[in-house]
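One is the number of the first residue; the rest follow in order along the sequence.
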Amino acid sequence: PKISLDPGDEILDSATGTGVWLLDVVHKVHPTVSLTGIDTSQRLFPTQHPQNISFAVHTVTNLPESWSNKFKLANQRLLSAALTREQWGIALSELYRVLKPGGWIQLLESDPKTTMPSGPIKRLAEAVTAVYVNKGLALDLNETLDQRLKDAGFVNIQKRTTGLPRLDSQDSDLESKVLKKLFMASIPILKPAFLATGMFKSGDEIDALGKEMDQEWNSLP
């Protein structure tokens with residue numbers, strides 16, 4: 001739906017990371033709109049940004065009390081691999097609290113259960129699923145998010161599902177390359193979590209899987 005923002009409104013970006021979403025949105029809103037990005041670490045915060053953007057270290061499960069009824073729009077992306085099943089309820093309740101009456105929340109999440117081709121890529125997908133189970137993450141978030149939002153108090157919930165590009169599709173070559181880059185970058189980051197699942201005997205086995213996956217990806221038409 002089209003979200004109307006008035007001069008002086010405020011926007012919250014949860015799990016802002018590099019602030020890339022805010023740095024894009026700031027050019028599409030009135031200059032008096034204030035934009036706030038939060039994350040659990042300031043490591044990725046940009047050092048240069050427009051004056052109406054600010055960044056702060058906070059967790060979405062415990063937002064400042066002074067922020068109640070503060071924001072017209074709250075945006076959050078890709079926390080399915082960070083929040084446990086229990087934390088999702090807390091996080092959504094906190095986001096509901098800091099929104100003004102009539103405000104909007106916008107969520108973007110991936111589904112770890114996505115079917116992948118056979119071989120190393122499939123094994124990596126299975127390992128990611130095992131990490132979700134091992135850490136108590138919401139593996140069923142895609143199916144339960146609507147109800148979780150209702151439980152937190154949200155209404156007029158709308159959902160749009162978009163598929164990732166097929167790895168064997170020449171029509172989505174650029175998207176496939178970006179997807180490959182994301183997958184390959186995730187392997188060293190998730191190595192400790194992969195080892196904790198018991199699916200791998202050593203870090204070397206995970207590294208070997210990454211190389212096999214790279215070769216499989218490059219062999220696709």
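The distance from atom CG of Asn75 to atom OG of Ser14, rounded to the nearest 0.5 Å, is 8.5 Å. The distance from the CD1 atom of Ile187 to the CD1 atom of Ile206 is 9.0 Å, given to the nearest 0.5 Å. Remark: Gln48 CD to Ile53 CD1 distance equals 12.5 Å, nearest 0.5 Å. In this structure, CG in Leu145 is found 6.5 Å from CG in Leu92, a value given to the nearest 0.5 Å. Atom CG of residue Asp146 and atom NZ of residue Lys159 lie 5.5 Å apart, to the nearest 0.5 angstrom. Residue Glu94 holds its CD atom at 8.0 Å from OG of Ser68, rounded to the nearest 0.5 Å.
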Open item on the list: For a side-chain contact (heavy atoms from CB on, under 4.5 Å) check, start with the C-alpha distance between Gln76 and Val60, then their side-chain angles and the critical distance, and finish with the verdict.
Closed with: CA-CA 9 Å; Gln76 181 175 277; Val60 70; 3.4 Å; yes
Open item on the list: Does Leu35 form a side-chain contact (heavy atoms from CB on, under 4.5 Å) with Asp13? I'd like the steps, not just the answer.
Closed with: CA-CA 8 Å; Leu35 304 92; Asp13 186 28; over 6 Å; no
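At a threshold of 4.5 Å between side-chain heavy atoms, the hydrophobic network of Ile, Leu, Val, Met, Phe, Trp and Tyr places Val26 and Val33 in one connected group. In this structure, Leu108 is not a member of the same hydrophobic cluster as Leu149, with clusters built from ILVMFWY side-chain heavy atoms closer than 4.5 Å. In the hydrophobic clustering of this structure, Leu79 does not group with Val20; members are Ile, Leu, Val, Met, Phe, Trp, Tyr whose side-chain heavy atoms approach within less than 4.5 Å, directly or through other members. No continuous path of ILVMFWY side-chain contacts below 4.5 Å connects Ile38 to Leu78, so the two sit in separate hydrophobic clusters.
Nearest heavy atoms, Ser80 versus Leu141: CB-CD2, 3.8 Å. For Pro192 against Ile189, the heavy-atom pair with the smallest separation is CD-O, 3.7 Å. For the pair Ala15 and Asp39, the tightest heavy-atom approach, listed with the atom from each and the gap, is C-OD2, 3.5 Å. Closest approach of Asn156 to Trp104, counting heavy atoms only: ND2-CH2, 3.4 Å. Nearest heavy-atom pair across Ala152 and Ser93 is CB-N, 4.1 Å. Contact between Met199 and Ala127 at its shortest, heavy atoms only, is SD-CA, 3.7 Å.
By the side chain to side chain donor-acceptor pair (under 3.5 Å) test, Thr18 is found to be paired with no residue, residues two or more places apart in sequence or in another chain being considered. For Asp9, the salt bridge (Lys or Arg N to Asp or Glu O under 4.0 Å) criterion is met by Lys72, Lys100, not counting sequence neighbours. Applying the side-chain contact (heavy atoms from CB on, under 4.5 Å) rule to Arg85 yields the partners Ala138, Asp140, Arg148; only residues at least two apart in sequence or on another chain are considered. A search for side chain to side chain donor-acceptor pair (under 3.5 Å) contacts involving Asp24 returns Lys28, not counting sequence neighbours. Looking at residues two or more places apart in sequence or on another chain, you find a side-chain contact (heavy atoms from CB on, under 4.5 Å) between Ala81 and Tyr132. In terms of the side chain to side chain donor-acceptor pair (under 3.5 Å) criterion, residue partners of Asp151 (sequence neighbours excluded) are, by chain and number, Gln147. For Thr47, the side-chain contact (heavy atoms from CB on, under 4.5 Å) test picks out no residue, with sequence neighbours left out. Applying the salt bridge (Lys or Arg N to Asp or Glu O under 4.0 Å) rule to Glu205 yields the partners Arg123; only residues at least two apart in sequence or on another chain are considered. Remark: Lys191 engages Asp207 in a side chain to side chain donor-acceptor pair (under 3.5 Å) (not counting sequence neighbours). With sequence neighbours excluded, the residues that form a side-chain contact (heavy atoms from CB on, under 4.5 Å) with Thr40 are Thr59.
Applying the ring-ring contact (aromatic ring centres under 6.0 Å, His included) definition to pairs two or more places apart or across chains, none involves residues 6-41. Judged as a ring-ring contact (aromatic ring centres under 6.0 Å, His included), the pairs with a partner in residues 47-84 (not counting sequence neighbours) are, in order, Phe45-Phe55, His49-Phe55, His58-Trp67, Trp67-Phe71.
Leu137 is not listed as a side-chain neighbour of Leu83, based on a closest heavy-atom distance of 4.5 Å or more. Contact annotation: the side chain of Leu63 approaches that of Arg97 to within less than 4.5 Å [non-hydrogen atoms, C-beta and beyond]. At least one side-chain heavy atom of Leu5 sits less than 4.5 Å from a side-chain heavy atom of Ile11. The shortest distance between side-chain heavy atoms of Ile105 and Tyr96 does not fall below 4.5 Å. Contact annotation: the side chain of Val128 approaches that of Phe194 to within less than 4.5 Å [non-hydrogen atoms, C-beta and beyond]. Contact of the Leu12 side chain with the Val98 side chain is registered, since non-hydrogen atoms from C-beta on lie closer than 4.5 Å. A 4.5 Å side-chain heavy-atom check between Asn69 and Leu99 finds every atom pair outside the cut-off. Counting only heavy atoms from C-beta outward, the side chains of Ile90 and Asn62 never approach each other to under 4.5 Å.
Not one N or O on the side chain of Glu10 forms a donor-acceptor pair closer than 3.5 Å with the backbone of Ser34.
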